Structure formats: C-alpha cells, structure tokens
2 protein chains.
Amino acid sequence: MKMSGGVEWGLHCCVVLSGAGAPVTAAKLAELHDVSQSYLAKQLQLLSRAGLVRSTLGQSGGYVLTRAANEITVLDVVEAIDGVQPAFRCTEVRQRGPMAVPAERCDTPCPIARTMDSADRAWRESLRRVTIADLIADVNRTTPPEILSGAREWLRA
Amino acid sequence: MKMSGGVEWGLHCCVVLSGAGAPVTAAKLAELHDVSQSYLAKQLQLLSRAGLVRSTLGQSGGYVLTRAANEITVLDVVEAIDGVQPAFRCTEVRQRGPMAVPAERCDTPCPIARTMDSADRAWRESLRRVTIADLIADVNRTTPPEILSGAREWLRA
DNA sequence: TTGACTCGGATAACTGTTGTCCGAATAGAA
DNA sequence: TTCTATTCGGACAACAGTTATCCGAGTCAA
Ligand code: SF4
Ligand code: SF4
C-alpha cells in the first residue's frame with residue numbers, strides 16, 4: 001500500500017502558494033522543490049480540477065489558492081491527488097465458490113468491510129482536522145526566518 | 001493508494017481456519033473461495049512468516065492458527081500481508097532545491113510528516129480493536145446456519 | 001496585432017502488485 | 001526402513017498503477 005508521492009508535493013505547493021500573494025508558475029514551484037516540473041504540473045492539474053487552486057493563463061500567470069489557508073484541509077489535498085476511493089475494496093468473495101452466500105442475503109455489508117470502512121473513516125477524519133494554516137504556523141515556528149524571507153524573495157524574482 | 005487484495009483473502013482464511021479443528025490445505029481454501037490457489041499460497045506464506053498460522057507438511061497437512069481467534073487482530077493480518085510501512089513516505093523535499101533547509105535543522109519531523117503519521121496511527125489503532133473472534137461472532141449472527149454447517153462439512157470431506 | 005508565455009490533456013518508461021510454476025521437505029503407508 | 005503421495009516454500013513471468021515527459025490549445029500583456 002503506497003500513497004502517491006505527489007501528495008507531498010501538493011501540500012508543499014499549497015503552503016508556498018499561501019505565502020505568495022501573486023500567482024506562481026508550475027516551473028517556479030518545481031525548481032524551488034527540485035522536482036520534475038512536468039510531473040508537478042500533473043499534480044497541480046489535479047488540484048485545479050478539485051477546485052483547490054485556480055490557474056491563470058498567459059504572461060504573469062500561474063496558480064493561486066481559491067480559499068483561505070484555514071479553509072483547506074490536508075484531507076482535501078490528499079483526496080484531490082490520491083483519489084477518494086478507500087484503500088480496501090471488497091471483491092465479494094462470499095458470493096463465489098461452492099459455499100457461496102446467495103446475493104439476496106448480502107444486503108448488509110459484511111463485518112470485514114465494515115471494519116475496514118471504519119478504519120478508513122478514522123484516517124480521513126484525522127486528516128480533516130489539520131488545515132494548511134496549521135501547517136504554515138508550524139513551519140513558521142520551526143524554520144529559520146532568513147530561509148522563509150529568502151524563499152519569498154526568490155519566488156518574486 | 002490501494003491495499004493488497006490478498007488482505008481480504010487472508011481474513012477470510014483466518015475465519016475459516018478458526019472454525020475448522022483440523023489442518024486445512026491451501027488448495028481447499030482456494031477452491032472454497034474460488035480464487036487462484038497459487039496466489040493464495042503466497043498470502044498464506046506471509047501469514048506463516050508473521051507467525052499467525054503454522055503449516056504442517058506431508059499427508060493430511062495444511063494450515064492451523066497458532067493462537068486463539070480473540071488473540072489475533074485484524075491489524076495483525078493487514079500488517080502481515082500488506083506490510084508494516086506507512087502509506088506516506090517523506091522524500092525530504094525541504095532539503096533540496098535552491099532554498100533548501102540545512103540538514104542539521106531537520107532534526108524534528110516536519111508538520112506534514114507528523115500529520116500523516118498521526119492519521120496512520122489512528123487507522124492502525126482502529127484495526128487493532130477488532131479481532132478475528134469479533135468477525136466470527138458477526139458472521140455467525142448474519143449468515144444462515146445451513147450455509148455455515150454446510151461449509152464445515154465441505155471442508156471435512 | 002503581435003507575441004511569447006501559460007496551462008491542459010495525451011503519450012511513454014518504470015516500479016510495484018498480481019499471478020504462476022516447479023523443487024525441497026515432510027508425514028504417513030507399505 | 002523405504003517408498004510414495006502430498007504438502008509448503010521460494011524463485012520466476014505477466015499485468016497494472018504510478019511516475020515522468022512531451023507538445024499543442026488557449027490566454028494575457030504589451
Ligand atoms: S465477506 Fe466481506 S470482505 Fe469478504 S467478500 Fe464479502 S463483503 Fe467482501
Ligand atoms: S517538509 Fe515534511 S513532507 Fe516535506 S520533505 Fe520535509 S519532512 Fe517531508
């Protein structure tokens with residue numbers, strides 16, 4: 001089980017975008033994080049489709065957040081990039097084989113599916129509690145100020 | 001993000017093994033669930049390595065649970081088959097690029113990694129609360145008795 | 001009007017998962 | 001004790017999903 005690595009990039013991009021007032025291009029973001037700009041573009045497309053960021057075309061274009069940082073949860077980003085379907089997918093094994101349970105008795109989800117679903121919900125709920133604003137606050141507290149201002153300056157250039 | 005489909009089979013096998021007093025072969029389990037016996041064997045190997053089941057070779061051999069059903073949690077099975085490493089893996093983006101944070105300042109995990117780790121722990125904790133015995137109790141409650149006894153009889157043959 | 005710059009979706013390479021096979025080891029029967 | 005039928009175990013391919021890339025359509029500023 002492996003989550004898309006693009007989630008990490010997406011979260012970093014949201015944090016950076018929140019700090020920069022002007023639109024930032026995908027190329028800039030890619031260079032700042034030293035990752036493939038083509039692939040990062042794909043992740044930004046996903047964020048755009050989910051309505052988390054808005055893209056501006058043409059010169060001096062780029063990406064901007066559509067909402068305030070405290071209105072975007074980590075779960076929003078994860079679901080935008082990694083998808084919304086849960087990790088566990090039941091294949092209805094109980095309806096196959098010689099001792100199959102008839103389909104009309106399978107109206108209620110089996111205990112296995114319920115357990116997995118409950119765990120998945122706990123996971124998502126945990127991610128929903130943290131917003132981009134929380135991340136920013138933590139970054140501001142733990143990162144040397146000269147690096148923060150330097151990065152902001154580098155973005156503007 | 002997708003969990004190994006073998007988890008579902010592994011859980012079903014644990015439930016079945018708990019009901020059968022005698023060792024059950026991989027071929028029987030595969031036919032009962034109507035899945036590839038070669039691939040199911042692979043999953044059973046993983047359960048064996050994790051110490052959840054014990055294999056007996058030779059004639060009248062097969063698999064048996066090593067512990068009581070209420071001593072085996074769903075998390076045990078998941079971790080045995082799907083692995084123990086969390087879905088999110090940090091690539092330390094912050095140490096790369098023009099505005100890299102120096103490595104000596106990265107002693108504490110960043111907020112993103114902490115958030116993901118917390119959610120992963122909540123997920124695992126939720127799975128740890130349910131045991132195979134709980135699953136069995138639920139199955140006994142919701143499955144027609146004739147199918148249960150029929151399956152047990154079919155296994156013996 | 002021009003022009004250059006932006007994102008967007010369609011297109012390949014790669015890693016991880018799924019599925020299969022045959023050999024080593026064992027328990028029971030002769 | 002020997003032999004054989006039967007079992008599991010790890011090594012070997014096929015598939016899918018993820019990762020990475022490219023070029024064209026559309027847009028804003030000059
Ligand atoms: S018993 Fe549960 S996990 Fe198994 S096939 Fe049915 S719904 Fe899926
Ligand atoms: S900031 Fe967090 S998620 Fe990003 S690279 Fe560093 S540790 Fe990983």
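Here is the naming used below: chain letters follow the sequence lines, and residue numbers restart at 1 for every chain. Source: prediction; values computed, not measured.
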Regarding A:Arg124 and A:Glu79, does a basic nitrogen lie under 4.0 Å from an acidic carboxylate oxygen? yes
Between A:Arg129 and A:Asp134, is the closest basic N to carboxylate O distance under 4.0 Å? no
Mind checking [X] for me? I need base, sugar-phosphate or nothing, with any heavy atom below 4.0 Å counting as a touch.
X: A:Gly5; result: sugar-phosphate
X: B:Gly62; result: sugar-phosphate
X: B:Ala26; result: sugar-phosphate

Report the distance from atom [atom1] of [X] to atom [atom2] of [N], rounded to the nearest whole Å.
X: B:Leu40; N: C:dT17; atom1: CG; atom2: C1'; answer: 16 Å
X: B:Met1; N: D:dG17; atom1: CE; atom2: C1'; answer: 14 Å
X: B:Arg54; N: D:dT7; atom1: CZ; atom2: C1'; answer: 15 Å
X: A:Lys42; N: D:dT19; atom1: NZ; atom2: C1'; answer: 9 Å
X: A:Leu57; N: D:dA25; atom1: CG; atom2: P; answer: 14 Å
X: A:Gln43; N: D:dT18; atom1: CD; atom2: P; answer: 11 Å

Side-chain N or O of [X] versus OP1/OP2 of [N]: is the shortest distance under 4.0 Å?
X: B:Ser36; N: C:dT20; result: yes
X: A:Gln45; N: C:dG9; result: yes
X: B:Ser60; N: D:dT6; result: no
X: A:Lys2; N: D:dG17; result: no
X: A:Thr56; N: C:dC7; result: no
X: A:Arg49; N: C:dG8; result: no
X: A:Tyr39; N: D:dT19; result: yes
X: A:Ser55; N: C:dG8; result: yes
X: A:Tyr63; N: C:dG8; result: yes

Out of C:dC7, C:dG19, D:dC22, whichever nucleotide has its closest atom nearest the side chain of B:Trp9: C:dG19
Among D:dT7, D:dA29, C:dT6, which is the nearest nucleotide to the side chain of A:Gln59? D:dA29
When you compare the side chain of B:Asn70 with that of B:Ile132, does any pair of heavy atoms fall below 4.5 Å? no
Can you confirm whether A:Arg96 is buried at CZ, in the sense that more than 12 heavy atoms of other residues, nucleotides or ligands lie under 6.0 Å from that atom? yes
Kindly confirm or rule out a cation-pi arrangement of A:Lys28 over A:Trp154, judged by NZ or CZ under 6.0 Å from the six-membered ring centre and within 45° of its axis? yes
